Structures are given as structure tokens and as C-alpha cells.
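Bear in mind the structure is a predicted one, so any value in this text is a computation, not a measurement.
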Amino acid sequence: MLFVKSDELKTGMRLAKPIYNKNGVMLYERNTRLTSHGIVSIQNFGLIGIYILEAAEPVPPMTEDDIEFERFQAMSVFSIKDILDSVSKKKEPKELYQFANKIIKSYGSLHRKINFIQNIRSKEDYVYKHSLNTAILSAMMAYKLNMEFKKQLDVVVAALLHDVGTLIIPINLRHKNKADLSEEELKKVNTYHLAAMQMFTKNKDLDIDIVKMVTDIIKQLHPDIVKDGEMPDIMPLGAEILKVAYVYDMMTAMNFEEEPHSEIVAIRHLMGDETAYNPDVVDALLSSINILQPGTCVELTNGDRALVITANNINVLEPFVLSFKDNRIHNLGDSRIAKEMQIKDIMKTMDNRHVVDNDLLAQYTGNTIHMGDKLENKSY
């Protein structure tokens with residue numbers, strides 16, 4: 001499965017994930033081959049990109065949980081849009097707590113892990129889908145950390161509200177790559193996040209715990225708006241949950257600036273800095289979603305490729321793998337094996353063909369060789 005930006009799509013490519021319209025109706029199913037008309041439609045939707053299957057790649061199986069998760073994401077965007085648009089306009093979000101309860105009912109009390117399937121995003125719905133996914137992840141982690149219902153509800157509500165500052169940024173600035181923003185534009189962007197933080201601080205309808213979580217996470221994500229001495233030294237557990245959920249979604253979702261990272265890269269980042277990310281919260285994330293399940297193809301640090309055959313519940317990055325090179329099984333949890341090979345990333349492509357260097361090909365000045373010709377000392 002590959003991520004391809006909308007302006008790089010070609011006819012004949014097969015969809016790896018379905019595409020829904022703004023009303024939640026499926027327009028294109030998985031395995032649909034793109035036509036020129038379909039490409040124009042996708043570009044008109046404003047989609048950042050889509051996931052496609054490689055030429056010989058089979059359609060990956062989907063469980064009932066997977067299908068329900070995609071359906072929940074598609075149908076929930078409209079509810080969260082109404083809520084966040086009301087908040088950004090300083091109106092009462094009437095369905096806020098009902099929607100948070102719906103998320104908790106669906107994903108805040110699961111005894112099993114799920115496949116956290118990233119959704120396809122456009123410029124118009126990016127903030128809504130990001131906030132939704134952050135809330136779902138937060139609900140699952142809060143449950144794994146045995147938080148009482150009231151605190152779990154507060155975390156989910158805070159997750160839904162945390163990125164309102166982005167919604168009030170003018171469109172011309174919101175959709176601009178951060179690297180392309182001038183110093184003056186960056187200052188303008190920060191003023192909107194500051195305005196959002198002040199808006200929540202003055203909000204008397206929200207629980208004080210929710211306000212603290214939202215303002216703490218805004219300060220963490222946008223430190224330039226924080227005055228000396230205002231950065232919280234210790235964040236409440238709910239804010240720690242929200243932070244981990246935010247980073248995981250931001251790293252693995254499609255965005256405007258770079259190709260999305262794999263879940264392996266995201267998990268390694270979260271596990272690698274215990275001062276920035278609470279280890280108990282990261283463990284709660286790993287207890288909530290499937291990472292490196294059997295059947296996943298991976299790249300190893302020694303250059304080989306392998307198939308995960310048994311997951312490791314103690315350390316998800318150290319499963320049993322079957323090497324494609326020598327057909328041998330390796331336990332990556334064995335310290336002796338780990339010295340030789342570790343998981344580098346999920347395999348990005350199953351295509352082993354070599355890419356031709358067109359510049360090098362253009363420099364070729366040799367003569368044509370016909371079968372049966374005798375080779376002599378010539379330069380080809």
C-alpha cells in the first residue's frame with residue numbers, strides 16, 4: 001500500500017481504501033481502478049492524497065471491526081464539524097457531551113485491540129478528522145489506564161476541542177506549509193492559537209478540568225505563545241493522554257507537508273523520549289491498537305525484508321519474523337539477534353524491480369549487441 005498525492009495520481013491505480021463523499025456515502029470501493037474522471041473527482045474533493053495498491057498487491061482483508069471503524073469515522077465527521085464550528089464561533093456546542101459519550105460507548109471500553117485505520121483527508125475536513133481520531137485514541141487509552149468515567153469523558157471532550165485554534169486561522173494561512181510561512185505569518189498563526197486558549201480560559205460552561213487540559217496542550221503544542229513562567233511543569237494525566245494521541249495521529253495521518261509516517265516510526269518516537277511522553281500512557285496506546293501483527297511485511301536494519309509471524313506483547317518492536325532472504329525464523333527479542341538486525345520500518349513496497357536512472361541512461365553511448373555477436377574489447 002502506497003500513499004500518493006492527488007496531483008500524482010494516474011489512471012489504472014487501484015484504491016486501497018474507500019472514498020466517501022461529504023454526506024458519508026461511499027463513492028469508490030476498495031480495489032476500484034482510477035479513471036481520468038475519477039482522478040478529476042478526487043482532485044475536486046480537495047483530498048490531500050489517497051492510498052493505492054501496488055500492481056500485484058492483493059486487496060488486504062478487513063475484519064468486521066475494521067469495517068465498523070471506517071464507517072464510524074465517515075459518519076462522525078458531520079457531528080464533530082457542527083460541534084467545532086459552533087465552538088469556533090463562540091456558540092454553544094449542543095451535542096458536545098452526547099458525541100463524546102458516543103465515542104466512549106464505541107471505543108472507550110474495548111477489551112481487545114483494534115486496527116487503527118487512518119482516514120483519507122481533505123483541506124476542508126482535516127481538522128475535524130484529526131480531532132475525531134485524537135478523541136478516539138484518548139478514549140481507548142483512558143480506559144486502559146482505568147480512569148473513572150467522568151475523567152475519561154473530560155479527556156475525550158478536551159481531545160475534541162484541542163485544535164479549535166487551527167479552525168479560526170484564515171484559510172490562506174491554514175493550508176500553507178509551515179516551512180513556507182514568513183516570520184510575520186507565523187506570528188499571525190500564533191495569535192489565533194492564543195485567542196483559542198483565552199477563549200477556553202474564559203469559558204464558564206466547561207468543566208475546569210477540561211479547560212486545564214485544553215490550555216495545557218495548546219501551550220505544549222504552541223510554546224511561542226507562552227510567556228515566561230506560564231509553561232506547566234507537570235501536566236495532568238488527561239493532558240498526557242491527549243498529547244500522545246495528538247502526536248500519534250499527526251505522525252501517521254496524511255498531511256500537507258510530507259508523506260505520513262508508519263505506525264512503527266510513530267511508536268518508536270513515542271517510546272524513545274520518556275521525558276516528553278509518559279511511558280504508562282504510551283503503554284496504554286500499545287494495549288489499545290494493533291502494531292506489527294502477523295502478516296505484516298517489514299524492512300530490517302541489515303537490509304533484509306521479513307514477514308512478522310508472531311507478535312511480541314512485551315515489546316511490539318521485537319516480534320518473531322521470517323526472513324525472505326534465507327527463509328529462517330528470527331526472534332528479534334533475543335539480544336544476540338538484535339545486535340545483527342532490528343525492525344527499521346514497515347515495508348513500503350513489495351516491488352523488487354530496479355528503478356532506471358534516466359539521466360544515466362541518456363549518457364549511454366555504446367553499440368547495439370545482437371545475440372550471437374562476438375564480444376570484443378569495446379566500450380559499451
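Closest heavy-atom contact between Arg14 and Val59: NH1-CG2, 4.4 Å. Listed here is the closest heavy atom pair of Ile337 and Asn331: CB-O, 3.5 Å. For the residue pair Thr134 and Ala245, the shortest heavy atom distance occurs at O-CB, 3.6 Å. Heavy-atom minimum distance, Leu206 versus Leu96: CD2-CD2, 4.2 Å. Nearest heavy atoms, Ala195 versus Ile168: CB-CD1, 4.4 Å. Closest approach of Arg30 and Ala16 over heavy atoms only: CD-O, 3.3 Å.
Both Leu27 and Ile42 belong to a single network of hydrophobic side chains, linked directly or stepwise wherever heavy atoms of I, L, V, M, F, W or Y lie under 4.5 Å apart. Connection of Val155 to Tyr143 is not established within any shared hydrophobic cluster, with ILVMFWY side chains joined at heavy-atom distances below 4.5 Å, either directly or through further cluster members. Note on Val189: it does not cluster hydrophobically with Val164, by side-chain heavy-atom contacts below 4.5 Å among ILVMFWY residues. When the side chains of ILVMFWY residues are joined at heavy-atom separations under 4.5 Å, either directly or via intervening members, Leu153 and Ile241 end up in a single hydrophobic cluster. One hydrophobic cluster, built from ILVMFWY side chains closer than 4.5 Å, holds both Val282 and Leu110.
When atom types are taken as modelled, the side chain of Gln43 and the backbone of Ser6 share a donor-acceptor pair closer than 3.5 angstrom. Ser106 places no side-chain N or O within 3.5 Å of a backbone atom of Ile103 that could act as its donor or acceptor partner. Lys243 places a side-chain N or O within donor-acceptor distance of the main-chain N or O of Ala276, the cut-off being under 3.5 Å. Counting only distance, with no hydrogens or angles, the side chain of Ser76 and the backbone of Gln73 share no donor-acceptor pair below 3.5 Å. Side chain of Thr301 to main chain of Gln342: a donor-acceptor pair is present (N/O by atom type, distance under 3.5 Å, no hydrogens or angles). Here the side chain of Arg33 pairs a donor or acceptor atom with the backbone of Gly12 at under 3.5 angstrom. Distance alone, capped at 3.5 Å, places no donor-acceptor pair between the Ser131 side chain and the Tyr128 backbone. Using modelled atom types, one side-chain atom of Arg174 and one backbone atom of Leu167 make a donor-acceptor pair closer than 3.5 Å. At least one donor-acceptor pair closer than 3.5 Å links the side chain of His162 to the backbone N or O of Ala159. At least one donor-acceptor pair closer than 3.5 Å links the side chain of Gln152 to the backbone N or O of Ala139.
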Verdict with supporting geometry, Ile114 and Met140, side-chain contact (heavy atoms from CB on, under 4.5 Å): CA-CA 10 Å; Ile114 67 167; Met140 292 191 289; 3.8 Å; yes
Decide yes or no on salt bridge (charged side-chain N to carboxylate O under 4.0 Å, His left out) for Asp249 and Lys129, but give the supporting numbers first. CA-CA 10 Å; Asp249 184 73; Lys129 288 184 175 179; over 6 Å; no
Show, in sequence, the C-alpha distance, side-chain angles and deciding distance for Thr191 and Ile225, and conclude whether the side-chain contact (heavy atoms from CB on, under 4.5 Å) test is met. CA-CA 8 Å; Thr191 61; Ile225 69 174; over 6 Å; no
Please walk me through it: do Gln293 and Asn115 pass side-chain hydrogen bond (donor to acceptor under 3.5 Å, both in side chains)? CA-CA 9 Å; Gln293 284 294 95; Asn115 297 320; 5.8 Å; no
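Judged purely by distance below 3.5 Å, without hydrogens or angles, the side chains of His130 and Tyr246 never pair a donor atom with an acceptor atom. Side chain to side chain, Asp125 and Ser122 meet the donor-acceptor criterion of an N or O pair below 3.5 Å. In this structure, a donor-acceptor pair under 3.5 Å is present between the side chains of Gln118 and Asn133. Side chain to side chain, Asp163 and Thr166 meet the donor-acceptor criterion of an N or O pair below 3.5 Å. Counting only N and O atoms by type, the side chains of His261 and Tyr248 include no donor and acceptor under 3.5 Å apart. No donor-acceptor contact under 3.5 angstrom links the side chains of Thr252 and Glu263, judged on distance only. Counted by atom type alone, Thr275 and Asp273 present one or more donor-acceptor pairs between their side chains at under 3.5 Å.
When side chains are defined from C-beta on, Phe3 counts as touching Ile48, because their heavy atoms get closer than 4.5 Å. Residues Tyr277 and Met271 form no side-chain contact, since every pair of their non-hydrogen atoms from C-beta on lies 4.5 Å or further apart. A heavy-atom distance below 4.5 Å is found between the side chains of Tyr51 and Met254. Between Leu292 and Ile343, some side-chain heavy-atom pair lies under the 4.5 Å cut-off. The shortest side-chain heavy-atom distance between Lys144 and Asp283 does not fall under the 4.5 Å cut-off. By the 4.5 Å heavy-atom criterion applied to side chains, Leu332 and Leu317 are not counted as neighbours. The side-chain heavy atoms of Ile346 and Thr296, taken from C-beta on, include a pair separated by under 4.5 Å. Between Glu340 and His330, the closest side-chain pair of non-hydrogen atoms is not below 4.5 Å.
Residues passing the salt bridge (Lys or Arg N to Asp or Glu O under 4.0 Å) test with Arg71 are Glu68, sequence neighbours excluded. Residues satisfying the ring-ring contact (aromatic ring centres under 6.0 Å, His included) test with Phe72, not counting sequence neighbours, are Tyr107. Phe99 pairs by the ring-ring contact (aromatic ring centres under 6.0 Å, His included) definition with nothing, not counting sequence neighbours. When the side-chain contact (heavy atoms from CB on, under 4.5 Å) test is applied to Gln198, the partners found at least two apart in sequence or on another chain are Leu194. Every residue two or more places apart in sequence or in another chain that forms a side chain to side chain donor-acceptor pair (under 3.5 Å) with Asn119 is listed here: Arg121. Looking at residues two or more places apart in sequence or on another chain, you find a salt bridge (Lys or Arg N to Asp or Glu O under 4.0 Å) between Asp345 and Lys348.
Atom CG in Leu286 sits 10.5 Å away from atom CG in Asn313 (nearest 0.5 Å). Atoms CG and CG, on Leu160 and Leu132 in that order, are 7.5 Å from each other to the nearest 0.5 Å. A distance of 12.0 Å separates NE2 in His222 from CG in Leu186, rounded to the nearest 0.5 Å. Interatomic distance, Glu240 CD to Ile217 CD1, rounded to the nearest 0.5 Å: 8.0 Å. A distance of 8.0 Å separates NZ in Lys188 from CG in Asn172, rounded to the nearest 0.5 Å. Here the CG-CD1 distance, from Leu15 to Ile52, works out to 9.0 Å after rounding to the nearest 0.5 Å.
Within 6.0 Å of the CD1 atom in Ile171, the count of heavy atoms belonging to other residues, nucleotides or ligands exceeds 12. Around atom NZ of Lys113, more than 12 heavy atoms belonging to other residues, nucleotides or ligands sit under 6.0 Å away.
Ion pair Asp82/Lys94 not flagged as a salt bridge, since none of the NZ, NE, NH1 or NH2 atoms sits closer than 4.0 Å to an Asp/Glu carboxylate oxygen. A salt bridge is defined here as a Lys NZ or Arg NE, NH1 or NH2 lying under 4.0 Å from an Asp or Glu carboxylate O, and Lys150 with Asp154 meets this definition. For the pair Arg336 and Asp334, the salt-bridge criterion is met [side-chain N within less than 4.0 Å of a carboxylate O].
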